[in-house]
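I have placed the structure first, in the form of structure tokens, so that the comments after it can refer back to it.
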Amino acid sequence: MADFIQLSINGLALGSVYALAAIGFVIVYSATGVVNFASGQFVMLGTFAGVAMLINGGLPWPVGYVGALAAMALFGALFFLVVYLPLRSSPVVTIIIGTVAVGIALQNAAQLTFGSWPFRLQSPFEGMTIEIAGAVITVHAVAVVVGTGILIGLLWLLLHRTTIGIGMRAVAQDVKAARLMGLRVNGLLAFSWVLAALLAGIAGLMLGPMWFADVNMGDPIALKAFAATIIGGFGSLPGAIAGGLFVGLTEVLGASYLSSAYKDLIAFGAMIAFLLVRPQGIFGERIQDRG
Amino acid sequence: MKLTKRDILKFTVAVSVLTAVPAIAQNGPIVIGATVPTTGPLSLTGKQYFNSLKMAEEDINRAGGINGRQIKIVFEDTQASNSTAVNAFVKLVQEEKPAFVFLSSYSTQNIAVAPEVKKSGIPVMYAGGADAVSDAGNEWMFRIRPADSLAAAGMVQFAKGNLKATKPGILYIQNDFGQGGAQVAAKQFEAAGSPVVGMEAYGQNDKDFSAQMLSLRQKGADTILAFVYPQDGAMLLRQAKMLGLKMPIVASSAAFVPAALQLLSPSDLDNVSGVVDAFVDTSAGERMKDFIDRYKEKFSMEADPYGLAYYDGAMLMAEGMRKAGTDPKALRDWLATVKDWPGIGHAYTFDAKGNGVSDLAVVRAKPGTKSLELVQPIKLN
Amino acid sequence: MSIRTLLGLVAILVIGGALSLVLSDYSLRLMNLAVVSAVAVIGLNFAFGYSGLISLGHSAFAGLSAYCVAILTTKLGLSPWVAMPVAIIATALSAALIGYPLLRLKGHYLALATLGFNVSFTIVAINWLDLTGGTNGIAGIPHLSVAGYELSDERSFLWFALISLTLVAAAAAAIHRSRHGRAMIAVRDDEIAAAMAGIDVTGVKVAAFTLAGTCAAIAGCLFATHIRFVAPEDFNYAHSITYLAMLIVGGEGSIAGAIIGAVVLTFLPEWLRVLGDAYLLFFGLMMLVILVILPTGIVGLVRRISLKRRSPGDETTNVPARAGAHS
């Protein structure tokens, strides 16, 4: 039983990271319609923004975190200008390939800058653990789960209770109508990218101390985030969370109770099964929106 | 044009013989090829031997080159792709006409390139560990690291002999190294009368190993053999401590390379021993100290056994060229006869399958620190 | 068969054949890789270029076939000439079986579903040790021989590969011109209208996907007999993305585009090697620039230029509408 609790907690911590990555992906998708294959690299950059500030820059963590997030916001704006604007009217596939290409470039750029050695980012709660019913968990992992929860609450408030958020949702539904209503569409689209980059930055900073920072970490995260997004429902924030937790839990519990060699088949099998049986996912967008 | 070239050559040779100056201007440097993963996930280890080959090139040239001729190592990137590795090799052979080539330390890349090596008729050294590479019987290929099966056998021997394991468990990474090593180890435990209680796998990109480790504990494992790569190895050792695993862990070489050690705290290494290719430590002799110090000075990073293997390999190649010349066949034949050649990491003897190394070292961290000490050398055949 | 198609096919053989006589072994090898990719990308053109089905699992079909060849030749000792048709038929059947349920999905849903299929294929190939040899792969696939002559060097294999490419391209062109090709394009452009016109939409999609799988299978056979070694890494999802990128860069909806894209994206990273460690950075950025300045691919650019020169109103060379947008 203690083992089961331990595994569940570890699965949840893992799932929170996938969920955060998936949220960044979903924000961009629902605001701009872009399927961002570079979203894993966004998270990687977030972690390395932390590495640059905390390890290379030697800043204390509150300052370093703010600095890293500022850098990520800047990166989001840059991505909007350099990648999104030129490609915005292209078809889905061109954008997919475009973001893949940018992802390759980002990964190589990170390797040139930081080298191929992994880094260990310290947590503000370094070395602290708590015990629950015989299971051991780091305070950092708890902070990640709690932090993710708070973040999602704030995000919901932003999207539903502020002018910017309501504008973003209006743009997502109908760009032309939004423009006719006098909304500054480009500004709102840019803000979506900045927001996505910020979320990826937070995800990156949170996972840095749990995993090691390494320049090749992006793609595996993106794959799991895709699975999470599909399972939870494309374009849905609660879906991204549910999907992320589901993928994290099945990965750990599946490895324990089914097969450690084939555990990843469970997540991707579930993803395909969801697509076939319930393509809108657990919470997804309405069926007529799909495709 | 051809005639003039040949004339110039004759003239140069004549002059150099007459003046008894080493034939530096004979016809430029001897070109050596090296296909190394310098980008992508494999570059973590690739960087090590990229550096150490550079250092070897300098050292060989400073010591007068090959009977007066300088060498030049030309690098091509293999990425983490078999196909790119073959492209890199074919490009090198085609454009540089190297006298010798170093392949990467990844078995699948080595296996993919093997037919091209045979076609080119150029001797190569490689460091991929899988038995499949040497079993193919390609007479042009020489391995400068212990084979994975040897490392696995060493780990089993240490676990059985020193740790008195009776219910061993195995944890392995799902790649050519991990799968191969785990299979060999399981067979050897079986043969030694204490079959494994569990074998658990994890993916190259996995970040959580709690399920695998708790299952092994559940099954009553009294020792865990871990076949790992550097980064996941470090993470695995950290999580083992966090989960409160009490049994000793015997990890494969990669968990003890500097890239992995820098990620660990001293407490992560309690009760952990490693079966490493070679004990790369300043205490392991004068030549080793010299290599380590200069490597660190030059590249501001610590040397690891992979880097050392290629440095030794390059020195061995240089000696071969001095003695047998740069003719590929002659050089190959010379290498095949190498016996107890004293490298820094090992004494190299190539067997019929081209395996040059038959010894390993068991290491562990000194209590409360991350500095390693030699527990015992292991010699297998 | 139109004159232009015939000229195109002859051009493949003549240009490829001429190049095969002058190029170095290294370039010949890259040519071989490009030709193998071109066969696969022509297949992808059925699925995506004509029918608008985004597949990010194309590489898995090539892998399925390559593994079939590897297993049948090394474990059962069959001749590659026996193994290859078996592999192609088995792969085509799998494509139909997998396509039938998946093709109800559209756009990025289908993209991610096929991506999931490709990832699953890799996981199985890595872990089914007894059959696939795991990550070590399967080595020792025999050379192809034609009339007692072994295709053991890059040049002779290239001739064989070029003939295969020409045959595949000819078949693709014939299908494109046929009723079936028009049905695919009708489905891509407007599914509902196509259904109203009496086209069996599901049937057309499955057929296009199966054709795509068949071409991927042929590419897989060529891969296995060229490299003579298969490993899971050779068929992971990144290669599927590359195939799609080749089609987009070359110009989707066009067989010439598929071939040109395959050649360009095979040679580009190799040419950029001179940039040292930063070459992937440049490769990524160049791809982005190509996508932005050549939205209809290289073939689209050529067409636009020739359209400008010719009198307006020449409808036959119209660039096909881009597919895959939110439908």
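Letters A, B, ... are given to chains in the order of the sequence lines, protein chains preceding strands, and every chain is numbered from 1.
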Segment of A:I272 engaging chain C (4.5 angstrom heavy-atom cut-off): side chain
Measure the acute angle between the ring planes of A:F234 and A:Y29, then classify it against the limits of 30° and 60° as parallel, tilted or perpendicular. perpendicular
Please confirm whether C:Y243 and C:F48 have ring centers closer than 6.0 angstrom. no
With chain A as the partner, which of C:F117, C:F283, C:Y237 has the greatest number of non-hydrogen pairs under 4.5 Å? C:Y237
From CA spacing to verdict: side chain to side chain contact (heavy atoms under 4.5 Å, CB included), C:H108, C:I54: CA-CA 7 Å; C:H108 54 260; C:I54 309 178; 5.7 Å; no
Under 4.5 Å, heavy atom to heavy atom: which of residues 261-268 of chain C reach chain A? Give them by number, or say none. none
I need the residue from A:T229, A:L112, A:V35 with the largest number of non-hydrogen atom pairs under 4.5 Å to chain C. A:L112
Answer yes or no: does atom OH of C:Y100 have more than 12 heavy-atom neighbours from other residues, nucleotides or ligands under 6.0 Å? no
Flag the one option from C:V292, C:N127, C:L115 with the top tally of heavy-atom pairs under 4.5 Å to chain A. C:N127
Assess whether side chain to side chain contact (heavy atoms under 4.5 Å, CB included) is satisfied between C:H58 and C:V41, documenting all intermediate values. CA-CA 9 Å; C:H58 205 55; C:V41 178; over 6 Å; no
Among A:I97, A:I104, A:T99, which has the most heavy-atom pairs under 4.5 Å with chain C? A:I97
Side chain of C:D234, backbone of C:A231: donor and acceptor closer than 3.5 Å? yes
Mind checking which of residues 215-228 of chain A sit less than 4.5 Å from chain C, heavy atom to heavy atom? A:D219, A:L223, A:F226
Return yes if some donor-acceptor pair links the side-chain N/O of C:S59 with the main-chain N/O of C:F235 below 3.5 Å, else return no. yes
Find the one option among C:L285, C:L110, C:V119 whose heavy-atom pairs under 4.5 Å with chain A are most numerous. C:V119
Tell me if the aromatic rings of A:F42 and A:F75 count as close, with their centers under 6.0 Å from one another. yes
Walk me through whether C:L280 and A:Q107 qualify under side chain to side chain contact (heavy atoms under 4.5 Å, CB included). CA-CA 9 Å; C:L280 288 177; A:Q107 189 175 337; over 6 Å; no
Answer with side chain, backbone, both or neither: which region of A:F274 has an atom nearer than 4.5 Å to a non-hydrogen atom of chain C? neither
Give a yes or no answer on whether the side chain of A:S259 reaches the backbone of A:A261 with a donor-acceptor pair at less than 3.5 Å. yes
In terms of the angle between their ring planes, are A:F79 and A:W193 parallel, tilted or perpendicular, with boundaries placed at 30° and 60°? tilted
Can you tell me which portion of C:V249 sits under 4.5 Å from chain A's heavy atoms? Options are side chain, backbone, both or neither. neither
Using atom types as modelled and distance alone, determine if a side-chain donor or acceptor of A:N108 lies under 3.5 Å from a backbone N or O of C:L281. yes
Can you name the nearest heavy-atom pair linking A:P118 to A:D214, along with the distance? CB-CB, 4.0 Å
Determine whether more than 12 heavy atoms belonging to other residues, nucleotides or ligands lie under 6.0 Å from atom CG of A:L180. yes
Under 4.5 Å to a heavy atom of chain A? For C:L56 that would be side chain
Go through the atoms of A:I230 and report whether side chain, backbone, both or neither lie under 4.5 Å from a heavy atom of chain C. side chain
